Amino acid sequence: MKVRRPRGTNDILPAETSNWQLIEAKIREICYRFGYQEIRTPIFEHTELFQRGIGETTDIVEKEMYTFLDRGRRSITLRPEGTASVVRAFIENKLYAAPLPAKLYYLGPMFRYEKPQAGRYRQFYQFGVEAIGSLDPVLDVEMIMLPIELYKECGLSNFDVHINSLGCPECRPQYRQALQERFMQIKDRFCKNCQARITRNPLRVLDCKSTKCQELAEGIPLITEYLCQECRTHFEQVIEYLNQLNMDYVLDPKLVRGFDYYTKTVFEIIVPTLGAQNAIGGGGRYDGLVEEIGGESLPAVGFAVGLDRLMLSLNQQDASVFPQINPEVYIAHFGGATKKMAVSLINELRKTGLWIEMDYLDRSLRAQMKSADRLNCNWVIIIGEDELAANAVKIRRMDTGSEDEVGMDAVIEYLMKHREENSNK
Ligand code: AMP
């Protein structure tokens, strides 16, 4: 029997990896401009980190973690998200000793045992940013601007930013209680999951995707009516900066996110055409997490972008971030001494930084030309016996079919000159 990939995972094939690399390069470039530096943490951590960080009663910790005992009988979990690990690394490596805020970003796979569907996988890729050590609402706004900059530069246009404040340990408990009291009156009508959520973590009900539960949550008390003065002022300042920068957003007082660590600002970026899994990124403030994980009390804010879904939306919206990539030159030969010459030439030509291909299957010239055509090469260099004797090559321009005989020493010069002429046209 064939071994297949595990459910909910994807093979990203060569035709797509070049697109991923372009997005990744863009991410690194934007982070450079915004002053965020990369941090690489382990793919697995002690389970306790996520239990404490994400919250015991979240779906992720309750049902979605890949947790196992290692051979030393330690409980290990494949990271389901990046923030808890970054905060742990920040504390463990005393990054707080450097000027604050620490501005960090990460890129890599995350693992959640979710029910796979379009845009929802068990291994998926996130790019995330964290700023630790400042309560400035300017940073909340930066966390919204940075992913939007990425989306726009990738050519994505059709997305909405939803924003809310979840309050803090001062004001959220009152809201939680009001919500719970309201839900308790009609508890039986909610889905099984939500019935449990109502007693354990009623805000999570607002995150339920079932339309029935969403309808039941209409007309409920809203968090914005319960915010304390500090949270209210903070939220107003965030909104003011967003207005100042002419950013579009939707105030969404029912927006909650999948983690318990959020305080004050939360936001989500949605592509309406993407179907059920339409969030391409989200984030917020988590002023209590550093202390929760064992550091001193430091405010922080961050976001994560789902790269698989970004890729889906770019393909869907025909965004033109992906230029066609093809080899520049294909070297065709006839075996024997001509092949030897091809090997020397390819070795030289690759030093120019261009993508050069050759025949590795000792095929006929016809078959080699067909390959060069299918690979979309711009030039084919043909080395035959006659050319070998003359210490020269034939260079064919694939779009026009025109051919020149060029001395072996002049090949690089010829290619460079003609490439430049073409790009000037
Ligand atoms: P979260 O870490 O849940 O805040 O998610 C941040 C972003 O990661 C989401 O907006 C999605 O784009 C993406 N994401 C989360 N879970 C998955 C998943 N199971 N499959 C694919 N993308 C995901």
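Counting begins at 1 with the first residue of the sequence. Atoms within each ligand, like the ligands themselves, are counted from 1 in listed order. Keep in mind the model is a prediction, meaning the values are calculated, not measured.
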Practice prompt. Would you check whether Gly282 has a nitrogen or oxygen atom less than 3.5 angstrom from a nitrogen or oxygen atom of ligand 1?
Written response: no
Response to the item:
Ranked by distance from atom 3 (O) of ligand 1, the top protein heavy atom is Arg112 NH1, 3.0 Å
Item to complete: Looking only at protein heavy atoms, identify the closest one to atom 19 (N) of ligand 1 and say how far it is in Å.
Response: Glu114 OE1, 2.5 Å
Worksheet item: Has Tyr125 got any heavy atom lying under 4.0 angstrom from an atom of ligand 1?
Response: no
Worksheet entry | Separation of Ile356 CD1 from Ile346 CD1 (nearest 0.5 Å) | 7.0 Å
Practice prompt. Please round to the nearest 0.5 Å and tell me the distance separating atom OG of Ser85 and atom CD of Glu130.
Written response: 9.5 Å
Practice prompt. Specify the protein heavy atom at minimum distance from atom 13 (C) of ligand 1: its residue, its atom name, and the distance to 0.1 Å.
Written response: Gly306 CA, 3.5 Å
Practice prompt. Answer with side chain, backbone, both or neither: which part of Met110 has a heavy atom less than 4.0 angstrom from an atom of ligand 1?
Written response: neither
Discussion item. Would you call the rings of Trp379 and Tyr414 parallel, tilted or perpendicular, taking 30° and 60° as the class edges?
Written reply: perpendicular
Worksheet item: Do any nitrogen or oxygen atoms of Arg120 lie less than 3.5 angstrom from nitrogen or oxygen atoms of ligand 1?
Response: no
Fill in: Nearest-0.5 Å distance that lies between atom CD1 in Ile239 and atom OH in Tyr241
13.0 Å
Discussion item. Between ligand 1 and Glu81, is the shortest N or O to N or O distance under 3.5 Å?
Written reply: no
Item to complete: Pull out every atom of ligand 1 sitting under 4.0 Å from any heavy atom of Phe259, numbered as shown with elements.
Response: 1 (P), 2 (O), 3 (O), 4 (O)
Discussion item. Please report whether the ring centroid of Phe127 lies less than 6.0 Å from that of Phe303.
Written reply: yes
Practice prompt. Before signing off on this row, confirm whether Ala279 and ligand 1 have an N or O atom pair separated by under 3.5 Å.
Written response: yes
Fill in: Option with minimal heavy-atom separation from atom 15 (C) of ligand 1, where the choices are Phe303, Phe127, Tyr121, Phe124
Phe124
Practice prompt. Pick, from Pro80, Pro116, Gly119, the option with the minimum heavy-atom distance to atom 21 (C) of ligand 1.
Written response: Gly119
Discussion item. Strictly distance-based, threshold 3.5 Å: is any side-chain N or O of Arg309 a donor or acceptor partner for the main-chain N or O of Ala279?
Written reply: yes
Worksheet item: Atoms of ligand 1 less than 4.0 Å from Ala304 heavy atoms?
Response: 6 (C), 7 (C)
Worksheet entry | Under 3.5 Å: N/O of Gln126 near N/O of ligand 1 | yes
Worksheet entry | CE-OG1 distance between Met65 and Thr58, expressed to the nearest 0.5 angstrom | 8.0 Å
Worksheet, complete the sentence: Interatomic distance, CG@Asp160 vs CD1@Ile280, rounded to 0.5 Å, equals 9.5 Å
Worksheet item: Do Arg122 and Tyr113 meet the cation-pi criteria used here (NZ or CZ under 6.0 Å from the six-membered ring centre, within 45° of the axis)?
Response: yes
Worksheet item: How does Arg309 reach ligand 1, by side chain, by backbone, by both or by neither, if only non-hydrogen atoms under 4.0 Å count?
Response: side chain
Practice prompt. On the 0 to 90° scale, with breaks at 30° and 60°, tag the Phe259-Tyr261 ring pair as parallel, tilted or perpendicular.
Written response: parallel
Practice prompt. Considering heavy atoms of the protein only, find what lies nearest to atom 4 (O) of ligand 1 and give residue, atom and distance to 0.1 Å.
Written response: Arg257 NH2, 2.3 Å
